[in-house]
Amino acid sequence: MILERHPTNQVPVYAVSDLTDLQERFFLLQRESVNQKIAHIFLIEGFASTGKGSILQSLTIRLDPRKFKVYSPYVDQSEDKGYPFLWNFWKVVPRYGELLFYLNTYYSRLAYLRSEKKIGLSEYDQRLLSILNTERILSKDKIIVHKFFLHISKKDQKKRLEDSKKKKKEWELSHFDKDQGEHYNRYFEIFDSILSASRTIDSPWQIIYNSKKEETKLLVFEAIIERLERILQFDSRAALHSINHGTELIP
């Protein structure tokens, strides 16, 4: 089992006031990815009501808009239209040096189909194998896949869904989100199975839990920056320090 039934809070390294610095460092890592001609795919996955949309907005607000794109299909409405399972996702594979953010990913699609019993175990295994093969091929070809799963307890999810109703913000919730709220235990088992089967050396899952959305946002930033710095061999903190002290001009 890779998910915890009763997850405990992770303590962020950064204070909320450091969000701007993290965004600047992410921009510098984007620029370095362009220089090295390395593309990145970020899978922002997780349970409903974990703040994925807000996190995505914070991640992208400082980036060069010419060098990233976002793809967010409705996993409960997506149709393959006679094409292979991943066809809808292949269409938006980034060019070298670009960043791509998937919000609602092929993993969500797979979880939904499994939950609704629209596919059997054999087809489920086949689609999971297609995902793993595709991620491996991309990672070997300078398109790195980064996978983040935002975890939440059943109690916290229920509270957030109830808050959405009270604030009359149910329009923000898709059928897929509501289905998770009604069948948390079922989706917990499905997500746990998917994550356990799809964590690889090339594209491991990073599971992030925090009961406060703003702190979760910082944890995601921290995890992304740490991984990009390691892959690119680039110190974004030192680069930002140089810019702030006039050693380098930021474009």
Near [X] [atom1], under 6.0 Å, is it more than 12 heavy atoms from other residues, nucleotides or ligands?
X	atom1	answer
Arg66	CZ	no
Lys158	NZ	no
Lys159	NZ	no
Arg186	CZ	yes
Lys118	NZ	no

Tell me, with the steps shown, if Ser108 and Glu45 meet side-chain contact (heavy atoms from CB on, under 4.5 Å).
CA-CA 7 Å; Ser108 283; Glu45 190 53 86; 2.5 Å; yes

Taking the side chain as C-beta and beyond, is there a heavy-atom pair between [X] and [Y] under 4.5 Å?
X	Y	result
Thr50	Ile55	no
Phe85	Arg109	yes
Asn185	Arg5	yes
Phe26	Leu228	yes
Lys213	Ser54	no
Ile194	Tyr124	yes
Ile143	Ile41	yes
Asn88	Pro73	no

In Å and rounded to the nearest 0.5 Å, what is the [atom1] to [atom2] distance from [X] to [Y]?
X	Y	atom1	atom2	result
Tyr71	Asn104	OH	CG	10.5 Å
Leu3	Ile190	CG	CD1	12.0 Å
Leu19	Arg62	CG	CZ	13.0 Å
Leu99	His146	CG	NE2	7.5 Å
Leu43	Leu100	CG	CG	8.5 Å
Leu22	Glu222	CG	CD	8.5 Å

Taking [X] first and then [Y], would you say they form a salt bridge - that is, a charged N and a carboxylate O separated by under 4.0 Å?
X	Y	value
Asp21	Arg25	no
Arg230	Glu226	yes
Lys155	Glu162	no
Arg127	Glu123	yes
Lys217	Glu214	yes
Asp64	Arg31	no

Specify the closest pair of heavy atoms between [X] and [Y], including all atoms of both residues, with the distance to one decimal.
X	Y	result
Gly46	Lys52	O-NZ, 3.5 Å
Gln206	Ala223	NE2-CB, 3.5 Å
Lys69	Val92	CE-O, 3.1 Å
Pro204	Arg227	CD-NH2, 3.3 Å
Ser196	Ile2	OG-CG2, 3.5 Å

Residues Asp179, Tyr187; criterion side-chain contact (heavy atoms from CB on, under 4.5 Å); working and verdict:
CA-CA 9 Å; Asp179 194 50; Tyr187 274 98; 2.6 Å; yes

Please determine whether residues [X] and [Y] belong to a single hydrophobic cluster, defined as Ile, Leu, Val, Met, Phe, Trp and Tyr linked transitively by side-chain heavy-atom distances below 4.5 Å.
X	Y	result
Leu232	Phe148	yes
Leu103	Leu59	yes
Ile201	Val145	no
Val34	Phe42	no
Leu63	Ile224	yes

Expected output: side-chain [X] to main-chain [Y] donor-acceptor under 3.5 Å:
X	Y	value
Ser193	Glu189	no
Asp177	Ser49	no
Ser115	Ala111	no
Glu24	Leu240	no

Test side-chain contact (heavy atoms from CB on, under 4.5 Å) on Gln23 and Ile61; report intermediate values, then the result.
CA-CA 8 Å; Gln23 290 170 328; Ile61 196 168; 3.3 Å; yes

Check salt bridge (Lys or Arg N to Asp or Glu O under 4.0 Å) between [X] and all other residues, then give those that pass, not counting sequence neighbours.
X	answer
Asp192	none
Glu116	none
Glu4	none

Please tabulate, for side-chain N and O atoms in residues 131-138, each donor-acceptor pair with protein atoms closer than 3.5 Å (sequence neighbours left out).
from   : atom 1 : to     : atom 2 : distance (Å)
Asn133 : ND2    : Leu129 : O      : 3.4
Thr134 : OG1    : Ser130 : O      : 2.8
Glu135 : OE1    : Tyr107 : OH     : 3.2
Glu135 : OE1    : Lys147 : NZ     : 2.9
Glu135 : OE2    : Tyr106 : OH     : 2.9
Glu135 : OE2    : Tyr107 : OH     : 2.9

Under 6.0 Å from the six-membered ring centre of Tyr96 and within 45° of its axis: does the NZ or CZ of Lys37 meet both?
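That pair does not qualify as a cation-pi contact.
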
Mutual orientation of the aromatic rings belonging to Tyr112 and His175 [parallel < 30°, tilted 30-60°, perpendicular > 60°]:
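It falls in the perpendicular class, over 60°.
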
Suppose we screen for side-chain hydrogen bond (donor to acceptor under 3.5 Å, both in side chains). Which residues come up paired with Tyr209, at least two apart in sequence or across chains?
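If we apply the side-chain hydrogen bond (donor to acceptor under 3.5 Å, both in side chains) test to Tyr209, skipping adjacent residues, the hits are Asp156.
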
Can you name the ring-ring contact (aromatic ring centres under 6.0 Å, His included) partners of Phe47, sequence neighbours left out?
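Partners of Phe47 under the ring-ring contact (aromatic ring centres under 6.0 Å, His included) test: Phe149, His151, Tyr184, Phe191.
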
